[in-house]
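Below is one structure, written out as structure tokens; comments come after it.
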Protein chains: 2
Amino acid sequence: MLTHERHEYILKYLDEKKTIKIQDIVDSTGASESTIRRDLTELENMQKLERVFGGAVLPGRNLQESSVADKAARNLQEKKRLAKFAASFIQKGDSVFLDAGTTTYQMIPYLKDKEVVVVTNGLTLVESLNEHGITTYLTGGLMKPLTGAFVGAQTIQSLGNYRFDICFLGANGFHAEYGYTTPDPEEAAVKKRASTLARKTYILADHSKANKVSFAKIMDLDQGILLTDQIAGNILEVIEKKTNVKVVSS
Amino acid sequence: MLTHERHEYILKYLDEKKTIKIQDIVDSTGASESTIRRDLTELENMQKLERVFGGAVLPGRNLQESSVADKAARNLQEKKRLAKFAASFIQKGDSVFLDAGTTTYQMIPYLKDKEVVVVTNGLTLVESLNEHGITTYLTGGLMKPLTGAFVGAQTIQSLGNYRFDICFLGANGFHAEYGYTTPDPEEAAVKKRASTLARKTYILADHSKANKVSFAKIMDLDQGILLTDQIAGNILEVIEKKTNVKVVSS
DNA sequence: TCCAAAATCAATCATAATCATTCATAAGCA
DNA sequence: TGCTTATGAATGATTATGATTGATTTTGGA
């Protein structure tokens, strides 16, 4: 069976049943599990489907809710720990840039008593920041429905009006050679811009992001301080040569 | 049964019946109690439901939402009529400024087929615009918690990047001598700025705003076209001398 | 009201399923 | 032949699951 035929089969099946199990595909196509996994990964990159544990589903029509909320729920406790740790680096009265993202979102409760001014590009963060009584500026611009992050020339320009004492960014991967990366080039550009406007930049990325490389580069490792939870010994050594790493005490 | 499938099942069931028992889910999915508990915990983290003893219910709307929703519910039908009327002035392909506010919010469904590009200063409008697949830029800036409107120098500056074919503003009062007014001076400044960048400006204000004067002036009556529902005869005459008025046909 | 039984709960553990990654091989193509 | 791409098997890691435990909450009768 041709690769293309399998892809067609998967998509057609998905279109009818909305959901598909890897084992079922293996049984009906005769291909190996590895191959089917590769198929699904590829189709996911084309945004034709969304992978879930054990199979795949049609991409949520309400992407904002389904996939972002999914991610937010995952490892919530670890995210909170990392967020609290990150917030501990903030001084009273700092001007803070807070990147859009589920981990940075968890930092908000810990900003309450710091008398900070926050600038963010995250739509979902604004309301929560306001509820906590934190003075907040939103960059504005064009919104990415998937992440609720603002991007584009307008966003970049907005940022130029500010200087930050401290800047917190999310990243999908960090790698000794390729630096910090994230899937969307436009979001990467915003992150980079924010970083250059800050006296100190911290990147929040848990251990699952170690050695991962995503499509768009944000910046090199040495441009920021990495905050993470735990990390395998030998990887840590390589990374530590390039950047300053701080690990949450467990 | 995939984890994702169970989640879908639970949410769908909840959406119909408003309430769900753990035992019922166990019986109908065949999964263990532990698993279902974990499902519910996760869905609660996503704010898709609220756990109660023995099961789960649909999440209760928080206070912030309810008070805004209250306001929105008031005269909802009239607002929708006025909004639909306003949208009828939009040409295909127009660049549109949409002011923050409950009436302008109701215009969104009618923008769908107009292939417009929208710029707005209203936080609550962005998500709805995105759901309707409308290309949207948010001005950003400092948010006014009560109205969800962005204001300040940042907002004003953002606006300077655009020119609008058509501009829709809300107002709390219109008056022959004092013009269009609104309670917040900063919001008034944004409205005025948007108006000067537009070829045509429409103000949406129902009859209850007639002859009312609020603290901050947006602009004189002759700077825009007033859209309203009905208006007492003698007032209308006075207003009409100063501005172009269009009344919804009832 | 109070108490005890029943139901439900969170937390933990071991197991099973699924996962990404790597490597060696096979197939396609110049 | 030499090169690229696709495949399948093996691995160790990650995630999901079900059973068990003892704690907590609800229920219903005295």
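Per chain, numbering begins at 1; letters A, B, ... match sequence-line order.
- B:Tyr162 and B:Tyr137 have tilted rings, their planes meeting at an angle from 30° to 60° on a 0 to 90° scale.
- Considering only the side chain of A:Ser34, D:dG8 comes nearest among D:dT15, D:dG8, C:dT8.
- The interatomic distance linking B:Lys21 (NZ) with C:dA7 (C1') rounds to 13 Å, in whole Å.
- Contact annotation: side chain of B:Ser32 to base of D:dA19, donor-acceptor pair absent below 3.5 Å.
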Less than 3.5 Å apart, which donor and acceptor atoms pair up between the side chains of residues 7-14 of chain A and the rest of the protein, not counting sequence neighbours?
| unit_1 | atom_1 | unit_2 | atom_2 | d |
| --- | --- | --- | --- | --- |
| A:His7 | NE2 | A:Asp39 | OD1 | 3.0 |
| A:Tyr9 | OH | A:Ser28 | OG | 3.0 |

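- As rounded to whole Å, 10 Å separates atom P of D:dA16 from atom CG of B:Asp39.
- Between the C1' atom of C:dC19 and the CZ atom of A:Arg51 lies a distance of 8 Å, rounded to the nearest Å.
- In this structure, A:Phe89 has its ring center closer than 6.0 angstrom to the ring center of A:Phe85.
- Counting non-hydrogen atoms under 4.0 angstrom, B:Val26 reaches nothing in the nucleic acid.
- A:Glu33 has its CD atom 15 Å from the P atom of C:dT21, to the nearest Å.
- A salt bridge does not link A:Glu42 to A:Arg6: none of the charged nitrogens lies less than 4.0 Å from a carboxylate oxygen.
- What separates CG of B:Leu40 from C1' of C:dA10 is a distance of 13 Å, to the nearest Å.
- In this structure, B:Glu42 places its CD atom 12 Å from P of D:dT15, rounding to the nearest Å.
- Rounded to an integer number of Å, the gap from CD1 of A:Ile22 to P of D:dA16 is 13 Å.
- Counting distance only, with no hydrogens placed and no angle test, the side-chain atoms of B:Arg38 and the base atoms of D:dG18 include a donor-acceptor pair under 3.5 Å.
- A close approach under 4.0 Å does not occur between any side-chain nitrogen or oxygen of B:Arg37 and OP1 or OP2 of D:dA16.
- Under 3.5 Å, the side chains of A:Asn161 and B:Gln157 contain a donor-acceptor pair of N or O atoms.
- For the OP1/OP2 pair of D:dA6 and a distance below 4.0 Å, the side-chain nitrogens and oxygens of A:Thr3 include no atom meeting the criterion.
- Nucleotide C:dC9 holds its P atom 11 Å from the CD atom of B:Glu44, rounded to whole Å.
- Checking D:dT20, C:dC9, D:dT7 against every side-chain atom of A:Arg6, the shortest atom distance belongs to D:dT7.
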